[in-house]
Amino acid sequence: MDLERELNPEQLDAVMHPGGPLLILAGAGSGKTRAITYRIAHLVHDMGVEPWKILALTFTNKAAGEMCERIDKLVGEASGLWALTFHSFGARLLRRHADLLGWGKDFTIYDDRDSKRLGKLILEKLDLDRQLYKVDRMLAAVERAKRKLRGPRQSGLKGPQRDFYILYQRSLKAANAFDFSDLIMQANFLFDRHPEVLEKYRRRFEHVLVDEFQDTDRAQYTLLRMLCPPGANLCVVGDDDQSIYRWRGAEIGNIMGFASDYPGCKTVKLERNYRSTAHILQAAGLLIHKNSRRHPKALWTEMEPGPPVEKFQARDEREEAGLVARGILKIVQQYGFSLGQVAVLYRVNAQSRALEEGMRLFGIPYRVVGGLRFFDRAEVRDVVSYLRLIQNYKSDVDLMRIMNVPPRGLGQKSRQRIVALAEEHGCSMFEVMTPQNLSGFRKKEREAVLQLRRLLEQLGQEASASSASDAVEAVIKTTGYGRWLESMGTMESEGRLENIKELITAAQDMARGTGDESLEGFLEQVALLTDMDLAQEGQGMVTLMTLHASKGLEFDVVFITGMEEGLLPHSRSLDDDERQMLKSPGRAFPRAVEEERRLCYVGMTRARQVLTLTYTKSRSMAGQVAINPPSRFLKDIFQDMGKTSKAPLAEVVDIGGFDLDDDDEIFHGDMLHASDEETVDYSDEYSQLAGDDGLDDLVGRTVVHQAFGKGLVSGARMSPHGPMLTVVFNSVGTKTVMLDYVKMK
DNA sequence: ACTTCCGTTCTTTTT
DNA sequence: GAACGGAAGT
């Protein structure tokens, strides 16, 4: 490990910092992960710090995993190092000490869907008007209180909200469960009420490092401050320009005020960008400079200019998808990038559908990050509910979920009666399921209930000693879930069966990754993990994801779609600012829009080589057609670059845009110099081929596709993107592809 | 008890 | 356009 050679002077400064508080302000692509991992490696390798005395906190499991990997590479098995998300850290603390707070150590972690389920139950119990009191709003209030570390009684909430919080929290405890925000709040309580525990961890962690510090919220920062008193070896890394989670409670104040909370703190700025071409960096800089409140920073690079940043307009989201797909194929071909190095970014998950369609149409393999998560699928959650019950019989939400899945004659009515009984006895639903309690039930139902109880007990015995993957298998078999799906015999049920079988693989993978094959370990992972590491790294697949999800990643080629007012910046943020403006006219500034601008900045700075922005004239959302002007951010980016974006610096990439027939007067492109844009008309080839009614003759021919191989044409028709074929491929089955992308045999 | 079908309502981003 | 809730049908 030759630090001097592998790091620049600023990075070296950060890595070698001897001790005490350290703030690293790291611009996008400035090698902050490098700095942080090298610092840990340096501590272990050169300073003789034991790995288990180091705590590294990150925001995503993926980031944590990557950090472990990179450190392992630098210093060999850094066993014992804690590299975790804040939430896993909280969970781990509670796993050891939950008894001090009145919870059992085998607690269940509720994700937001579980919380919602519980919340709905509470609303029913409180008998509140469902129209007036929405679960989401109630839960949001609870979450806000928890982020301020306020329990139900000190929440400051009034009326129904207060009742809701009290009952919600009581139910969580009765179910021996924590929700997401509890993991942080209760960890705080643990430290606060049990100084001896805090002292133990203070002594243990000689060095604490926090990545993405700009995204910490108040509760997380408080936890951190307890763990690290002033003068401690606390190193935080962040970039205020990449703070995009204010809506989730992140406080930029944490990074802005760090230096005063930790007097004597050393500040290091990393401003040299190693990632992006000069053009991309320049465009991103033009955008972010419009923000009023930021740490002054000047990113620079020695990279070559690269191709210019480009923008394209499409008529609607379907054309946009086609434009992106074509662009991907052109760029990949021209520069020789792999499809795995391409990302398509968007503001809201709902945009992914049209884009996926486009990818399929053009035969581009892709994966979607986030959105429909593997662990959110109904069947997966059912199986997980069984597993959680085995581990913790008191978890009523789980019991309710699986009570009649697969169907066993216990419908709504029986369920309600059991809930009422449990209420009466003041215990969990499982505990109330005994012969003497069920005397009021009809024979058939009573048998069904007792049968369920026996089933769960049997499962518990089967699974208690075995590995997580065996437990999953036992659930699929013993509960009849597998047989139930098989008996349906539909395409859909087959897919669902595959999903739960995938869960077995997931359990095995996880066991291999963490060395922990217990059911407890698996369930903790499942609760805290998003699907990130299940989806194998895009091997030759284009990645589709939200701008938020893209943070921390990088790609050779990036498309940012939906660059329209109302979408990016999102209409909600415009509303928020307007409300603020009305409330305090003098001092207000566009807080929310500035966050949207940072979001766009984050997306742009993911790109290494080629960056393309797209927008549409009209877009159908929520079943309605919206006509929005191009995003103000385009104006920010292109006002100075507009005409020079195609300057002689590099050859223009002709990715075949659409005709911007500007006789559409609703919003003329003047603010964007739309007349300057690439205008390659589809209509030529379109009409040419549309006129060719020999399309039907193609049916029955054999074609070859680059990705799918050989196949037989079973249908042909025209689409707005050009002629489409339905082809039965030998390797992948039936697909719909563009005529342009197959060769006739 | 369970399924299916229809109308209503909302859509930012996530650990 | 989907996800939920309610109502009617099997």
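In the text below, chain A, chain B and the rest are named by the order of the sequence lines, each starting its count at 1.
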S620(A) vs dG1(C): side-chain N/O to OP1/OP2 distance below 4.0 Å: no
Nearest listed nucleotide, side chain of P407(A), among dC4(C), dC2(B), dT14(B): dC2(B)
Residues D576(A) and R579(A) bridged, charged N to O under 4.0 Å: yes
Atom-to-atom span, CH2 of W484(A) to P of dC2(B) - whole angstrom: 11 Å
Between dT15(B) (P) and R92(A) (CZ): distance, integer Å: 18 Å
Nearest-Å distance for atom pair NZ/P, residues K146(A) and dT14(B): 21 Å
Sugar-phosphate, base or nothing in reach of L410(A), heavy atoms under 4.0 Å: sugar-phosphate
Among dT13(B), dA1(B), dC2(B), the one nearest E445(A) by side-chain distance: dA1(B)
Audit row: R619(A), E317(A), side chain to side chain contact (heavy atoms under 4.5 Å, CB included) steps and yes/no: CA-CA 6 Å; R619(A) 178 180 297 276; E317(A) 70 276 7; 3.6 Å; yes
Nucleotide nearest K120(A) (side chain, heavy atoms from C-beta), chosen from dC2(B), dT15(B), dG5(C): dG5(C)
Phosphate OP1/OP2 of dT14(B): any T60(A) side-chain N/O under 4.0 Å: no
Rounded distance (Å) that lies between atom P of dT14(B) and atom OH of Y346(A): 9 Å
Residue whose closest nucleotide on DNA chain B lies nearer the 5' end, D136(A) versus E143(A): D136(A)
Sugar-phosphate only, base, or nothing, as touched by K116(A) at under 4.0 Å among non-hydrogen atoms: nothing
Y601(A)/F633(A) under ring pair (Phe, Tyr, Trp, His ring centres under 6.0 Å): CA gap, chis, key distance, verdict: CA-CA 10 Å; Y601(A) 173 79; F633(A) 301 153; over 10 Å; no
Length of the CG-P vector between L183(A) and dT14(B), whole Å: 19 Å
Nucleotide nearest F180(A) (side chain, heavy atoms from C-beta), chosen from dA1(B), dT14(B), dT15(B): dT15(B)
Separation of the C1' atoms in dT13(B) and dC4(C), to the nearest angstrom: 22 Å
Whole-Å distance separating the CZ atom of R606(A) from the P atom of dT13(B): 19 Å
E357(A) and R360(A) ion-paired at < 4.0 Å: yes
salt_bridge(D111(A), R381(A)) N-O dist < 4.0 Å: yes
Of the listed nucleotides dT14(B), dG1(C), dA1(B), the one nearest the side chain of R353(A): dG1(C)
Touch class at under 4.0 angstrom, heavy-atom based, for D111(A) against every strand present: nothing
Whole-Å gap separating C1' (dT15(B)) and CG (L139(A)): 15 Å
Sugar-phosphate only, base, or nothing, as touched by S88(A) at under 4.0 Å among non-hydrogen atoms: nothing
Spacing of H87(A) atom NE2 relative to dT15(B) atom P, expressed in whole Å: 9 Å
pi-stack flag for F59(A) and dT15(B), centroid dist under 5.5 Å, interplanar under 30°: no
Of T58(A) and N404(A), the one whose closest DNA chain B nucleotide lies more 5': N404(A)
Sugar-phosphate only, base, or nothing, as touched by F86(A) at under 4.0 Å among non-hydrogen atoms: nothing
Salt bridge flag under 4.0 Å for residues R597(A) and D636(A): yes
